[in-house]
Structures are given as structure tokens and as C-alpha cells.
Amino acid sequence: MDTVTVIVGSSIGGVRTAQSLRLEGYEGRIVLVGEEEELPYDKPPLSKSVLAGTATEASICLLNRDQAEESGIELELGHPAIGIDIAGNLLQRQGREALHFDNLVIATGASARPSPWGHRSGIHVLRTLGDGRSLRADLAKGGQLAVVGAGFIGAEAAATARALGLEVTVVDPLPIPMSRIFNAEVGQWFGDLHRSNGVTTIFGTGVEAIDGEQGSFTLRLTNGQNLEAATVLVGIGAVPNDAWISSSGLLVDNGLVLDEYCRAVDAAHIYGVGDVARWRHQKYGEDMRIEHWTNAVEQAACVAYNITHPENPRAYTPVEYVWSDQHDWKIQVVGRVGGKAEHAIIGHPEVHGRFAALYTVDGTNLSGAAIVNWPKALLACRRGMGAGITVQELRQKLEPMLTPQPLRTS
Amino acid sequence: MPVVKADLAACQGYANCVVGAADYFDLDDDGIVVLLKTEVPEAERARVVEAARSCPVSALIVED
């Protein structure tokens, strides 16, 4: 009888695991179980091109029915997984019979952290296609947009809304945006970026309550100020979708806990991929969970390899990589940045239109980098992170590439 | 033999392809992908397809 691999989660991590299994020559059945009715879709454009209306929903489809059939991937959409019977190798689902599996891949992702100020119409989060549709519909009505949270999602949506011509205010309790990720000097430039593009920023201030209704909200801020808005977007992070696993007996601790091969620590035929996966990164010697696209893609490939090569599995040891598009900045972050790491900055946004902030934990070797509008520097950093490079070597390589940009006339 | 194709207009210089298969992909000075080879022997197919699929804007495909 054919072996069966059941994959729970129909977003990028789940879809890529299924495709990579076929690429590795897996000949058993592959069943992809999704909570949403929608065909699998790609999420990064939801705060950018899809929200802006420059890309269609069809263009972000990750796997349509024809492609699924061609690859022998059985789509089981619209019936969320609700539990796992580990001894019986069964995945339990809502409204459908349980599915037998030989291997199970858990790729259920993360959800937007819910608004602590209520969920009524006009107060949005942005994570799913449905979220994107309803936010886009409200932006089309015009009026002020208030964005709570200056992280990637909030900042990207603010930039998109601004480009659509809306008046936008971003509120964040941190005095300097992104300073949880970067150091203050770089974070300050992000604040400047928003303001120079016409976004009003209120930083170092939290939200106490949101009064009123759709079209006429009042955000009561912790500094005593009131902020009026027609629409509110709450972008305050994400939480892993792991609650449904906990009754199974698998170890869950802010994500499904996995070994260095991305196998559940208490069941070697159960794997995890993407935002929900907390695995042991051998090189860092730490358990890590990463909520980024590239990680889901790379981890999916690793898990597919390990399912098809159980006698010779590969440890998953990625260099973290994430990008964000905000206004005319393409921001890319490699490895580990901010915190206590020392940094050197090459280039300046106003002089060169690009910069790279290089971070080192040990004072010598590159441990991470934040790069804006500079693909060659990005590549040098990604290569350097793989092979090992000192900040000094990288500085000598990158500095000659810098030329002052012509002054803007606008 | 399978062949790699690049949509240069779609490329945004994320460099995931170069990290995945540096013998097939590079970036030029403007951060746009350069194909170092286009023909993919069967033995290298899985690796090159994974690298192509790691493009966040689907600018790369491997065609049979």
C-alpha cells in the first residue's frame, strides 16, 4: 500500500513541502489539509501589491487545482485539523473523517495577534486574504487610516495606504520604530522615511482604547491625545497556530517543539515547517521559531528531504532572511541584528540613497546585516554569512561601491 | 534537458536563488539576476528547481 504524507496547512510552508516531496521523488500519496476554503495563496503581497490593487488575487495563487492534480497533491480545503491521535496515526478534522498518515507535516502558521481594543467592523488585522479584502474595501472609502504598530506589516500597509492617497497615522509604543530589531540610529531613519512620505508618526505612545464606530473612530492614546480615524489597522505581531496540537501530547512551547531535523521531539514521523515550528538550530545551539517567508520555503525543502531520506537526514541550519518594502525602500535583513551586537553603518539614506548596517556579536565576524536599496551589498552579506566574513572585510568590499546620489529636486 | 528561464522585469534582487544555487545564478550591479548556465542536467534538477522556487516574486522557472 502507498505511504501517505499528510500536510496540515495550505499556505507557503505546506504547499512547498508538498512540491518538494515530489521533487525529491516521493511516490506515496500527499494530502494537503487547509483550514481556509481559498486555494493556497501567497501572503507577502497582501500588505503591498494586492492591497494597492496593482496585483490581482489570482496572481498570488500558490497552487491551483490543475497544478495540484498534475503533481499528485490531494487538496482538502475548508476543514481545519483539530487534533492528532499519535498512537493511531490519525489526523482529526472538523466536519470530516480523520485521515490516516505515515508522515505528518504541521505547517499551520501563525495568526495575527488579535486587537485588544475590540473586533468590530472597521478595526482590522492583516494576515489572510479575507483580512486583505476587507481592509482594501475600507481603504477605498477614504478617510484617515490609523495604524497601530510600526512593525513590518503596519509599516508596509501604511506605505501602501499613503500611496493610495489616504491620510495615515502610525502609532507605536516604542519611541523609535523597529528598535526591537535594529539599533536606535537605524530605527530613527525608518521614522524619517515614514514622515518624509507624508505619514504622521506618534511614537513612544500606546493606545488605551478605541471608541466610536467604523468611519468615525477615536483612538485614546496614553499621552492623553485623541486620534480620529475612519479605519484602524492593528499590526501588533502574530501568534503561532499551535493550540490545536496541544491535546495530542506533542510538546508545544510557543510553537511545536522540534529537533534539529525538524521532527517533533516526541514523534519522529511528525515534522514541522514555517511559522509554527520551533526547532533546534544546531549552529546557534538554540530553539528558534521564525515567522518569515524564506524560512518557510527553506524549511519545507529540508523537511521534504528528510522525509525521503530518513536514514540520512539533514540538520536545518538556515541564515535568517526577511525583506520588507516600505515607500521607496527595499529593506532586507540577514542573520541576527540589533540587541547587544555592535554595528557599523556603510552609506547613508540621504547621501547615497542606500545603506548597510553590519552587526557583529563577537566584535569581529559578521553576525547579521540590515540593508536598504542595495542588492549587491545584500548578496555580499548573505554570502559572507554562509562562508564567514569579518565586518572589516565586508566594509572594504562595500565602501568603494558607494557613490553619492543626485540630489532630489522634489 | 530542462532549461532555466528568468523574468528580468520581475526580478527584485532578493538573492534567494544565488544562495540556493550560486553556480547557476548571480546578481548584476543593478541587483538583477544573471543566469550563469541555463541547461540543467537531471542530477542537478532538484537543487536548481528549489533555488528557482525560492524566488519571492516567481521570476525564475525551470522548463522541461
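Numbers restart at 1 for each chain; the letters A, B, ... are given by sequence-line order, proteins then strands. In what follows, every heavy atom counts, from backbone to side chain, and hydrogens, waters and symmetry copies are set aside.
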Any idea which donor-acceptor pairs are under 3.5 Å between chain B and chain A?
residue	atom	partner	partner atom	Å
B:Q12	OE1	A:K330	NZ	2.8
B:Y14	O	A:Y321	OH	3.2
B:Y14	O	A:R382	NH1	2.9
B:N16	OD1	A:R382	NH1	2.6
B:N16	OD1	A:R382	NH2	3.0
B:N16	ND2	A:T294	OG1	3.2
B:L27	O	A:K376	NZ	2.9
B:E50	OE1	A:S20	OG	3.3
B:E50	OE2	A:S20	OG	2.7
B:R53	O	A:R16	NH1	2.6
B:R53	O	A:R16	NH2	3.3

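For A:L23, the parts sitting under 4.5 Å from any heavy atom of chain B are the backbone and the side chain alike. Contact annotation for B:C55: only backbone heavy atoms (N, CA, C, O) come within less than 4.5 Å of a heavy atom of chain A.
Closest heavy-atom contact between A:P375 and B:G31: CB-CA, 3.4 Å.
Counting heavy-atom pairs under 4.5 Å between each of B:I32, B:V57, B:L27 and chain A puts B:L27 at the top. Chosen from B:A22, B:A46, B:G20, B:P56, the residue pairing most often with chain A at heavy-atom distances under 4.5 Å is B:P56.
Environment of NZ in B:K37: crowded, with over 12 heavy atoms of neighbouring residues, nucleotides or ligands closer than 6.0 Å.
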